[in-house]
Amino acid sequence: MAGKCVGLIPAAGSGSRMGAACPKQYLPLLGRPVLFHSVAAMARLPWIERVYVVLSPADQDFVQTDWRGLVDKIVPLYVGGESRAETVRNGLAAIGHDLTEMDWVLVHDAARPCLSSNDLNRLLSTLQDDPVGGLLAIPVADTIKRASTDGTVAVTVARDMLWQAQTPQMFRYGVLRRALASGADAGITDEASAVEKLGMAPRLVAAQDNNFKVTYAQDLLLAEQVLRSRGLLEE
Ligand SMILES: Nc1ccn([C@@H]2O[C@H](COP(=O)(O)OP(=O)(O)OP(=O)(O)O)[C@@H](O)[C@H]2O)c(=O)n1
Ligand SMILES: C[C@](O)(CO)[C@H](O)COP(=O)(O)O
């Protein structure tokens, strides 16, 4: 496979929808921070050479975390921005000396701690020769409604061919830097949407295992159940 693979984890959010006293990536999950599980999901695979964790410049929790055996593979970057897109853009700029245009960057939310090795390995095997790259995603299973301002249904959205984007989102370093370079981040809520604006078509890779984003308080309980079901025990 041409080019090495690195992870880049945007971890500079405030977690406002979680409503916790600290950013949600540092909330405990089976005795470790949520961020630990998201980083470990990538760092434990031998084909991922390094995992860059993009933090808020004011982050003081990363250094307090016991990274165990992961510490040799992870690199903190205190260049997080006001938006997820800005955080990723800043992170990409900070690692340019390490990468070539053709190296693969897998951007993975700090808030997705349940990413499985199975899904990560399938993402790589599906995309490693792809001319564009792509992302883990799941086909929409529920009926989708668009709301009116008064809280009633405006319209039911046809769900055929609709997918929910997840992460990792895997693109060549050069493509991703160009896609985010403009800073015109309106409507850019994931890396794939920026790449699509270049006129490219990222490939959808169906996730087989639970890989939801921890956004609200109840999501933490579900994440704990998912990880326990995979044999992960409280540390
Ligand atoms: N300025 C930002 C905003 C978000 N993120 C990261 O992007 C991922 C997905 O974003 P989201 O779930 O929205 O996290 P928050 O922005 O922290 O949550 P909220 O929107 O509830 O404040 C998270 O890992 C978050 O840390 C980031 O690195 N920089
Ligand atoms: C990148 C993402 O997780 C794909 O679904 C999602 O767009 C992140 O959105 P958020 O509002 O930054 O959580």
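For ligands, and for the atoms within them, numbers begin at 1 and follow the listed sequence.
- Given atom 28 (O) of ligand 1, the protein heavy atom at minimum distance is A12 N, 2.9 Å.
- Of all heavy-atom pairs between F212 and P113, the closest is O-CD, 4.5 Å.
- The shortest side-chain heavy-atom distance between E191 and V88 falls under the 4.5 Å cut-off.
- Some N or O of K213 is nearer than 3.5 Å to an N or O of ligand 1, by distance alone.
- Within the 4.5 Å cutoff, side-chain heavy atoms of L220 are placed close to those of M18.
- Proximity to E82 (heavy-atom distance under 4.0 Å) selects the following atoms of ligand 1: 1 (N).
- From the protein, the heavy atom lying nearest to atom 10 (O) of ligand 1 is R84 CD, 4.4 Å.
- Checked by atom type, the side-chain pair W67/D72 shows no donor-acceptor distance below 3.5 Å.
- Scanning the protein heavy atoms around atom 6 (C) of ligand 1, the nearest turns out to be P10 O, 3.5 Å.
- Considering backbone and side-chain atoms alike, D109 places every N or O at 3.5 Å or more from each N or O of ligand 1.
- Residue-level proximity to ligand 1 for S83 is carried by the backbone, the only part with a heavy atom below 4.0 angstrom.
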Practice item. Please step through salt bridge (charged side-chain N to carboxylate O under 4.0 Å, His left out) for the pair R172 and D103, ending with a clear verdict. Key: CA-CA 5 Å; R172 301 280 187 183; D103 288 332; over 6 Å; no
Practice item. Could you walk me through whether Q208 and D119 pass side chain to side chain donor-acceptor pair (under 3.5 Å), step by step? Key: CA-CA 6 Å; Q208 293 178 343; D119 278 337; 5.8 Å; no
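- In this structure, the side chains of M170 and L124 come closer than 4.5 Å at one or more pairs of heavy atoms.
- The protein non-hydrogen atom at the shortest distance from atom 15 (P) of ligand 1 is G15 N, 3.7 Å.
- Distance from atom 20 (O) of ligand 1 to its nearest protein heavy atom, with residue and atom name: R17 NH2, 2.9 Å.
- The closest approach between any non-hydrogen atom of R112 and ligand 1 is not below 4.0 Å.
- Among all non-hydrogen protein atoms, the one lying nearest atom 11 (P) of ligand 1 is K24 NZ, 3.6 Å.
- Counting protein heavy atoms only, atom 1 (N) of ligand 1 is closest to G81 O, 2.9 Å.
- For residues 19-39, the side chain to side chain donor-acceptor pair (under 3.5 Å) pairs, not counting sequence neighbours, are Y26-D59.
- Residue G80 places every heavy atom at 4.0 Å or more from ligand 1.
- Counting only residues at least two apart or on different chains, no ring pair (Phe, Tyr, Trp, His ring centres under 6.0 Å) pair has a member in residues 153-203.
- Considering backbone and side-chain N/O of V214, none are found under 3.5 Å from N/O of ligand 1.
- Residue A111 has at least one heavy-atom neighbour below 4.0 Å for each of these atoms of ligand 1: 24 (O).
- Atom 16 (O) of ligand 1 has G13 CA, 4.1 Å as its closest protein atom, hydrogens excluded (heavy atom only).
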Quick one: table the atom pairs, ligand 2 N or O against protein N or O, below 3.5 Å, distance rounded to 0.1 Å.
residue  : atom   : partner : partner atom : Å
ligand 2 : 3 (O)  : D109    : OD2          : 2.6
ligand 2 : 3 (O)  : R112    : NH2          : 2.9
ligand 2 : 5 (O)  : R112    : NH2          : 3.3
ligand 2 : 5 (O)  : A165    : O            : 2.7
ligand 2 : 7 (O)  : T189    : O            : 2.7
ligand 2 : 11 (O) : R17     : NH2          : 3.4
ligand 2 : 13 (O) : R17     : NH2          : 3.4
ligand 2 : 13 (O) : K213    : NZ           : 2.7

**Study point:** Criterion side chain to side chain donor-acceptor pair (under 3.5 Å) on N90 and T87, from CA distance to verdict
**Key:** CA-CA 5 Å; N90 292 352; T87 293; 6.0 Å; no
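- Proximity of L162 to P139: side-chain heavy atoms (C-beta onward) are nowhere separated by under 4.5 Å.
- In this structure, R230 has no salt bridge (charged side-chain N to carboxylate O under 4.0 Å, His left out) partners at least two apart in sequence or on a different chain.
- Side-chain contact between L45 and L120: present, with at least one pair of heavy atoms (C-beta onward) separated by less than 4.5 Å.
- Between A110 and ligand 1, a contact under 3.5 Å exists for at least one N or O pair.
- A11 and L35 get closest at one heavy-atom pair: CB-CD1, 4.0 Å.
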